[in-house]
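Reviewing the structure listed below.
Residue numbers count from 1 along this sequence.
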Amino acid sequence: QEQLVESGGGLVQAGGSLRLSCVASGRTLSRYAMGWFRQAPGKQRVIVAAIASSGRNTYYADSVKGRFTISRDNAKNTVFLQMSSLQSEDTAVYYCAADIVSPLGAGYYVTDQASYDYWGQGTQVTVSS
């Protein structure tokens, strides 16, 4: 059982930046494709960004392209989401998730949230305008 713990959320003014972190309790983060998702009040949870287990390939939702960057440090069992030029529309609870992949799948990111095996508890990001 993998446990994921997010941190780094908070209140920020529009145009500001935040960096979210997601630490995995196990020592095998390199086995997982990772994703960041968010859920705004009254809306469904949607994908924000995803990264292959190798770190070689990434995906971004159109709404965050050019503003957010996903990265990972497998040695530290940590995935990051650097968020810049934040807008009020980015206000949401942000979740990280892990999907076990085979070594053959190391180069692929995963965008389907139904595929993910483990989820964190979420961290609130509030952007004031």
Side-chain angles (χ1 to χ4, degrees):
Q1 185 80 11
E2 190 71 67
Q3 290 188 331
L4 305 175
V5 179
E6 304 98 334
S7 62
L11 175 64
V12 63
Q13 288 188 332
S17 299
L18 282 174
R19 187 174 83 154
L20 304 183
S21 299
C22 172
V23 179
S25 61
R27 292 176 286 182
T28 56
L29 190 70
S30 58
R31 297 175 55 193
Y32 301 104
M34 300 296 294
W36 283 98
F37 296 78
R38 68 185 182 188
Q39 186 168 22
K43 295 187 177 181
Q44 291 186 334
R45 188 167 60 189
V46 297
I47 190 166
V48 174
I51 187 167
S53 61
S54 66
R56 288 198 301 266
N57 294 305
T58 57
Y59 165 88
Y60 296 96
D62 287 343
S63 59
V64 306
K65 277 182 183 175
R67 300 188 298 122
F68 290 12
T69 302
I70 188 171
S71 61
R72 64 191 297 157
D73 185 339
N74 286 343
K76 295 183 178 180
N77 285 330
T78 305
V79 177
F80 304 97
L81 185 68
Q82 178 67 47
M83 306 185 295
S84 303
S85 301
L86 283 163
Q87 306 164 359
S88 57
E89 298 78 40
D90 297 316
T91 295
V93 177
Y94 284 72
Y95 300 89
C96 73
D99 178 27
I100 299 174
V101 295
S102 71
L104 290 176
Y108 298 94
Y109 52 74
V110 179
T111 59
D112 180 7
Q113 59 181 298
S115 297
Y116 282 83
D117 302 291
Y118 303 108
W119 292 83
Q121 82 289 348
T123 185
Q124 176 71 47
V125 172
T126 303
V127 183
S128 63
S129 56

Students often mix this up, so state it plainly: with edges at 30° and 60°, are the rings of Phe68 and Tyr94 parallel, tilted or perpendicular? tilted

Check whether any side-chain heavy atom of Glu2 sits under 4.5 Å from a side-chain heavy atom of Ile100, and report yes or no. no

Check ring-ring contact (aromatic ring centres under 6.0 Å, His included) between Tyr95 and all other residues, then give those that pass, not counting sequence neighbours. none

Got Leu86 and Gln13 here, is their nearest side-chain heavy-atom distance under 4.5 Å? no

With a 4.5 Å limit on heavy-atom distance, are the side chains of Val125 and Arg38 in contact? no

Are any of the side-chain heavy atoms of Trp119 and Arg45 separated by less than 4.5 Å? yes

Flag the pair Val101 / Ser53 as yes when at least one side-chain heavy-atom distance between them is below 4.5 Å, and no otherwise. yes

CA sep, side-chain torsions, deciding dist, call: Met83, Leu20, side-chain contact (heavy atoms from CB on, under 4.5 Å): CA-CA 8 Å; Met83 306 185 295; Leu20 304 183; 3.8 Å; yes

Would you check if Thr69 and Phe80 make a side-chain contact, meaning some heavy-atom pair closer than 4.5 Å? no

Give a yes or no on whether Gln3 atom CD has more than 12 heavy-atom contacts from other residues, nucleotides or ligands under 6.0 Å away. no

If you count the non-hydrogen atoms of other residues, nucleotides and ligands that lie under 6.0 Å from OH in Tyr59, is the total more than 12? yes

Atom pair CZ (Arg67) and OG (Ser85), whose distance is rounded to the nearest 0.5 Å: 7.0 Å

Nearest 0.5 Å, please: how far is CD1 in Ile51 from CE in Met34? 9.5 Å

If a pair satisfies disulfide bond (SG atoms under 2.5 Å apart) and one of its residues is in residues 49-85, list it, with sequence neighbours excluded. none

Is the shortest heavy-atom distance from the side chain of Ile70 to the side chain of Tyr60 under 4.5 Å? yes

Taking only residues at least two apart or on different chains, which pairs with a member in residues 91-120 satisfy salt bridge (Lys or Arg N to Asp or Glu O under 4.0 Å)? none

Answer with yes or no whether the hydrophobic clustering places Tyr32 together with Trp36; edges join I, L, V, M, F, W, Y residues whose side-chain heavy atoms lie under 4.5 Å apart. yes

In terms of hydrophobic clustering (I, L, V, M, F, W, Y; side-chain heavy atoms under 4.5 Å; direct or indirect links), are Val79 and Tyr108 co-clustered? no

